[in-house]
Amino acid sequence: MPRITLIEHNGTEHAVDAKNGDSLMTTAIKHRVPGIDADCGGACSCGTCHVFIDDAWLGKVGEPGPFEEPMLDLNPERAANSRLSCQIDISDELDGLVVRLPEFQF
Amino acid sequence: MEAPVIKHSSRSLVGRDAWTIPLEEIDLAHPGIWQANEYLPFLARLRKDDPVHYCAHSPVGAYWSVTRYQDIMTMEAAPHLFSSEPTIGIVDVLPQFTLPMFIAMDPPKHDEQRKTVQGVVAPNNLKNLEGLIRQRVITILDSLPQGETFNWVDRVSRELTTQMLATLFDFPFEERNKLTYWSDIATAIPGAGLVNSYEESFEILKECLAYFMRLWRERAAKAPGNDLISMLAHGEATKNMPPMEFLGNLVLLIVGGNDTTRNSITGGVLALNEYPQEYQKLRDNPALIPSMVSEIIRWQTPLAYMRRTAKVDTELGGKHIKAGDKILMWYASANRDDAVIDRPDEFLIDRDRVRQHLSFGTGIHRCMGNRLAEMQLRVLWEEILQRFHKVEVVGEPVRIYSSFVKGYTDLPVRLIAR
């Protein structure tokens, strides 16, 4: 079971056991981590599950996909390590992943 | 050239049985059933029997209606197939009366323009305005008559959204009704009362531009402030915006932030009266306000649809759509689709996945002001609960004549003190 750490904007850390095959968004919702809205339910079309990937993990998590990129691009807080968490699938490879949550979802 | 005047005298579906009417006679764009509040069975019929429906004969021309949640998601994810140009309403307005607004643009221009202005209604800026908005909410609520019947739309919904717009723009407060007037003009159907032609509307909106240009120059000459005009006047990406683009963005902010929120304020009171057990849940647990706000926005669906235009021949739900065809995505129907939303015909302020509705649209055109709208409704309901046991509806609401803006002109209420 991969262990994932989500850090709220105020610094509160949530270390949770994720399930392979779930998305990172679903993982956060299941564990009631505040700060992820996921208004569209994981369809990559609302941009409200925005997270910042810890730099050390960027290579393993990978780049935004073709549908994700335009949604991220419209976010004023978009950074080089921005991703939509509904588009990241949990696997053993991501055991230890650290992500930070923005202050607001847009 | 005379602008087209749309008359909706015939073909009203009011009083017809949605389940036996021939499908080809269903014309959802006709405002009659919306004003009469009889639209829901027609949406349900189409979702079930013809979810991608072609209306060949309508006073506004032929168009498709898409009524299922997932089909709308598919369309919103494909702006390269389903264009927002030339406009997002059913009627094609002559180009000379069309303002440049990013809501009616495709990428890449849409993305560039939206990015220049979206910061102004972003949550981090809203934080600065919440205190002032709360003060104005309090003033309005404290001035309401106790124990007598009054029109909630005029005294609260309209007044509050107008004041909030004035606050956001730091608009001269005594002249704030101009904002509501311009908003109404921008969405008015010529011939339906307010204006007789698009030409007339456009002339009035030019006055709006002149007024705002003056404010712009004043703000540009001063240090940057928190209001939207100052942000636009000082913003790197916006300070050299051409006048018509400025007007287009203003009208978008005014209309987007005006009747939508106004009608959700009214619709929320109506819904809580129709579902007294939900009102009780709210009184028992005010922490439900944010969830209730999302449910109110789903329930009201302030804009019934958005239009797209097919860019190429394509297929949707097994139907062949030709390049140039108009397609209406009925959010008002998607929000009642039980394939996605559990018990959609019930108003439930604590439902699961309450934020998963299509009132804001979705994809790259998703409502830019969604956080502002939610904040306004949240602050309003926080203050209402502090003061009143109930905002009691004591008469029938009067709905407006539009299939696009779902709204009200009247809601008679009486306040019951705590």
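Numbered from 1 within each chain, the chains take letters A, B, ... in sequence-line order.
Residue B:Ala77 comes nearest to A:Phe67 through the heavy atom pair O-CE2, 3.8 Å, listed as atom of the first residue, atom of the second, then distance. The two residues B:Ile364 and A:Met71 have their closest heavy-atom pair at N-SD, 3.7 Å.
Contacts of A:Phe106 with chain B are made by both backbone and side-chain atoms, with heavy-atom separations under 4.5 Å. A:Gln105 touches chain B through backbone and side chain together, each having a heavy atom under 4.5 Å away. Both the backbone and the side chain of B:Asp111 come within contact range of chain A, with heavy atoms under 4.5 Å apart.
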- Item | Step-by-step side chain to side chain contact (heavy atoms under 4.5 Å, CB included) determination, A:Leu74 to B:Met368 | CA-CA 10 Å; A:Leu74 290 170; B:Met368 187 178 84; over 6 Å; no

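A:Asn10 CG: more than 12 foreign heavy atoms inside a 6.0 Å radius. Shown here is B:Glu236, whose CD atom has no more than 12 heavy atoms of other residues, nucleotides or ligands within 6.0 Å.
The residue from B:Gln356, B:His357, B:Arg355 that alone fulfils the side chain to side chain donor-acceptor pair (under 3.5 Å) condition with A:Asp39 is B:Arg355.
No other option in B:Lys127, B:Arg353, B:His110, B:Glu76 has as many heavy-atom pairs under 4.5 Å with chain A as B:Lys127. If you tally non-hydrogen atom pairs under 4.5 Å between each of B:Arg114, B:Met73, B:Arg371 and chain A, the highest count goes to B:Arg371.
Checked by atom type and distance alone, the side chain of B:Thr362 pairs as donor or acceptor with a backbone atom of A:Ser45 at under 3.5 Å.
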